[in-house]
Amino acid sequence: MKQSDIFRDNADNCLQLAERADGQPAHKRYSRMADAWTALANEQDWLDGEISPVPAHAAPNRNG
């Protein structure tokens with residue numbers, strides 16, 4: 001299992017905890033944690049060379 005997959009599993013766990021949270025502060029906290037794990041997974045994919053560091057639509061136009 002790739003490191004980024006482990007990070008995404010952590011994000012899924014946080015989302016499940018957010019769904020079961022008793023109050024709004026806990027829900028927000030778990031949701032922010034899920035966002036952070038997802039961002040970390042995306043960065044790990046980039047570090048592993050699985051995704052481009054620059055999205056294709058953001059690349060400069062070299063045709064002139």
Side-chain angles (χ1 to χ4, degrees):
M1 179 176 262
K2 297 184 310 181
Q3 190 70 37
S4 59
D5 291 336
I6 295 170
F7 295 157
R8 286 189 179 87
D9 285 345
N10 290 344
D12 288 340
N13 289 338
C14 288
L15 289 174
Q16 290 174 14
L17 290 168
E19 289 175 6
R20 292 181 289 191
D22 288 334
Q24 188 66 16
H27 181 270
K28 284 184 178 182
R29 185 178 310 116
Y30 288 125
S31 294
R32 286 193 306 264
M33 288 171 62
D35 291 343
W37 279 115
T38 301
L40 189 58
N42 292 338
E43 186 165 339
Q44 187 65 50
D45 281 341
W46 174 76
L47 289 170
D48 292 340
E50 295 187 20
I51 61 172
S52 173
V54 179
H57 66 295
N61 185 356
R62 296 180 188 234
N63 293 332

Least distance between heavy atoms, [X] atom then [Y] atom:
X: Glu19; Y: His27; result: N-CD2, 4.4 Å
X: Ile51; Y: Asn42; result: CD1-O, 3.5 Å
X: Met33; Y: Cys14; result: CB-SG, 3.8 Å

query: Is a side-chain donor-acceptor pair under 3.5 Å present for Asp12 with Gln16?
result: no
- prompt: Just wondering, do Arg29 and Leu17 contact through their side chains at under 4.5 Å, heavy atoms?
  reply: no
- request: Indicate yes or no: at least one non-hydrogen side-chain atom of Asp9 is less than 4.5 angstrom from one of Met1.
  value: yes
- prompt: How far does CD of Gln3 sit from CD1 of Ile6, to the nearest 0.5 angstrom?
  reply: 4.5 Å
- line: The residue among Leu40, Asp45, Thr38 that forms side chain to side chain contact (heavy atoms under 4.5 Å, CB included) with Arg8 is Asp45
